[in-house]
There are 2 protein chains.
Amino acid sequence: MPSATVEDYIKQIYLISDQIGIKEVAMGRVADALGVVPGTATTMVKALAAAGLANYAPRVGVSLTGQGHVLALHVLRRHRLIEQFLVEQLGYDWSEVHEEAEQLEHVISERLLERIDKILGHPTVDPHGDPIPSASGEMSESQLESFLQCPLNKTLRIARIADQNPDFLSYIARSGLNPGASVTITLRDSRAESVQLLARGQQLSMGWGAAAKVLVER
Amino acid sequence: MPSATVEDYIKQIYLISDQIGIKEVAMGRVADALGVVPGTATTMVKALAAAGLANYAPRVGVSLTGQGHVLALHVLRRHRLIEQFLVEQLGYDWSEVHEEAEQLEHVISERLLERIDKILGHPTVDPHGDPIPSASGEMSESQLESFLQCPLNKTLRIARIADQNPDFLSYIARSGLNPGASVTITLRDSRAESVQLLARGQQLSMGWGAAAKVLVER
DNA sequence: GTCTTTACTTTGATTTTGCTAAATTATCAT
DNA sequence: ATGATAATTTAGCAAAATCAAAGTAAAGAC
């Protein structure tokens, strides 16, 4: 059985690769995501490669093997189902479940996981709007638009917040931009890299970076 | 923060000491309980002593310090609340929750624990009838009698099964001797070390060892 | 009272995961 | 090209938790 550390590495490699849309992930990014020094990441990734979970090319980066990919989806499934459970059944706020899930995902049994899945009615997204892989490893890949691409002056529904940073999430929550809420983008200024929007009757403005992390659907 | 291993050692030392009613626990018992070779237990217990959690006397045994005692009760609280939660909210059978709780007890946050405690209505015993220490470390110490001490031919209520062995628990569950069920002891033969009893209308017989682990109240 | 058995301790090695610091390679501006 | 800067790898070390095997002490057998 893979250790919690191995699972974390595999999960982060998957997430980074997915986020930047490139298969090969640079070691620096891996080290950053795991909060370790680069040398540690190199050592660990070599071990992952030796275990058949990843392909490692020195000075190029790391990518997941088929086996690694399967593991990543399993870990993600655990993480996201737990998040959903904490919100739905334990009264947690959606913006504060990440840390708890981060711990639980490594020790929860398959059996408990499936029981939670059933109780929640087999949800397909977690409280942040992140898709939950099925037990067999499929994931609904809907194409959402971010605040940077979506049309102006239309009422849209927040579908997903693509970030786990507690600070950012609590800002989003306080601004009433939870998944499910309605927004209208009123203005986008590419020179100022700024977006103006209307949510809960309030006028807000966000920078490019933050705006890119909020995904909507019509 | 103590590691999962440290918590396990402290918990086992507490349980053994409680069970045999002696403060000093022999190293062999510790090693057995944790499933490690004796040398490992010696090393670990020395580390516990160095951390101020236990007192260690070579070739005599180990006992908990005040600090160790507090930690033991915290771990036990987590373990037993989780067991109760799994049974009450997740539909687990009381005889099969131990393993899962064994893992979860080391990673659950104080916050989640208190939320579970609240949802369950601050229970004082877990599904096996084991008492749950309060957040401040108090534990209701009711004096129950085992099948070996209780009066004959009276209807008694099963209060607690003082064992975690899955085999034994599932035998108990199949025999209808769950905590809360009713029984009558019909005969006790000390030469044969055997107890005859009536539960769910069925006649059963148990040996001394097994009978000692079933605790009842009137 | 010696001897043997049993319980326990010590020692040295291993695995996993991390670190620091030095060495290497790549990149980019001049 | 060349030299500076940044990213990456290598090498050596450390802590936690384990084991195997050898040594030691205590307890009971005769």
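Chain naming here is simple, since letters A, B, ... match the order of the sequence lines and numbering starts at 1 in each. Here the structure is a predicted model, which means the values were calculated and not measured.
- In this structure, B:Thr40 reaches the bases: a heavy-atom distance under 4.0 Å links it to at least one base atom across the strands shown.
- Computed from coordinates, the A:Met44 CE to C:dG18 P distance equals 7 Å when rounded to whole Å.
- Residues that satisfy the side chain to side chain contact (heavy atoms under 4.5 Å, CB included) test with A:Asp117, not counting sequence neighbours, are A:Arg77, A:Leu81, A:Glu114, A:His122, A:Pro123.
- Contacts of A:Val37 with the nucleic acid, taken as non-hydrogen atoms under 4.0 Å apart, include base atoms.
- With rounding to the nearest 0.5 angstrom, the CG atom of A:Leu76 is 11.0 Å from the CD atom of A:Glu7.
- At D:dT8, none of the side-chain N or O atoms of A:Thr42 fall inside 4.0 Å of OP1 or OP2 (strictly under the cut-off).
- C:dT15 atom P lies 20 Å from atom CE of A:Met1, rounded to whole Å.
- For C:dC8, neither phosphate oxygen OP1 nor OP2 lies less than 4.0 angstrom from any side-chain nitrogen or oxygen of B:Tyr56.
- Residue-to-nucleotide proximity on DNA chain C shows that, of B:Pro38 and A:Gly35, the 5′-proximal contact is made by B:Pro38.
- Contact annotation for A:Ala47: no contact, since no heavy-atom pair falls under 4.0 Å across all strands.
- Between the CD1 atom of B:Ile108 and the NE2 atom of B:His79 there is a distance of 12.0 Å, given to the nearest 0.5 Å.
- Atom CD1 of B:Ile10 is separated from atom C1' of D:dA17 by 15 Å (rounded to the nearest Å).
- Distance check: B:Thr5 OG1 to B:Ile10 CD1 gives 11.5 Å after rounding to the nearest 0.5 Å.
- For B:Tyr9 and D:dT18, the OH to C1' distance is 8 Å, given to the nearest whole Å.
- Residue contacts shown for B:Gly28 are limited to sugar-phosphate atoms, with no base heavy atom under 4.0 Å away.
- Put simply, the side chain of B:Ser194 never gets that close to the backbone of B:Ser190: no donor and acceptor are under 3.5 Å apart.
- Of the candidate nucleotides C:dT10, D:dC19, D:dT10, D:dT10 has the atom lying nearest to any side-chain atom of A:Lys46.
- A straight line from CD of B:Glu24 to P of C:dA7 spans 18 Å, rounded to a whole angstrom.
- Residue-level contact check: A:Ala31 touches neither bases nor backbone, having no heavy atom under 4.0 Å from any strand.
- As rounded to whole Å, 12 Å separates atom C1' of C:dT17 from atom CG of A:Asp8.
- Annotation: of the two residues near DNA chain C, A:Arg59 and A:Val6, the 5′-most nearest-nucleotide partner is A:Val6.
- Residue B:Ser3 has no polar side-chain atom (N or O) positioned under 4.0 Å from OP1 or OP2 of D:dA16.
- Rounded to an integer number of Å, the gap from CE of A:Met27 to P of C:dG18 is 13 Å.
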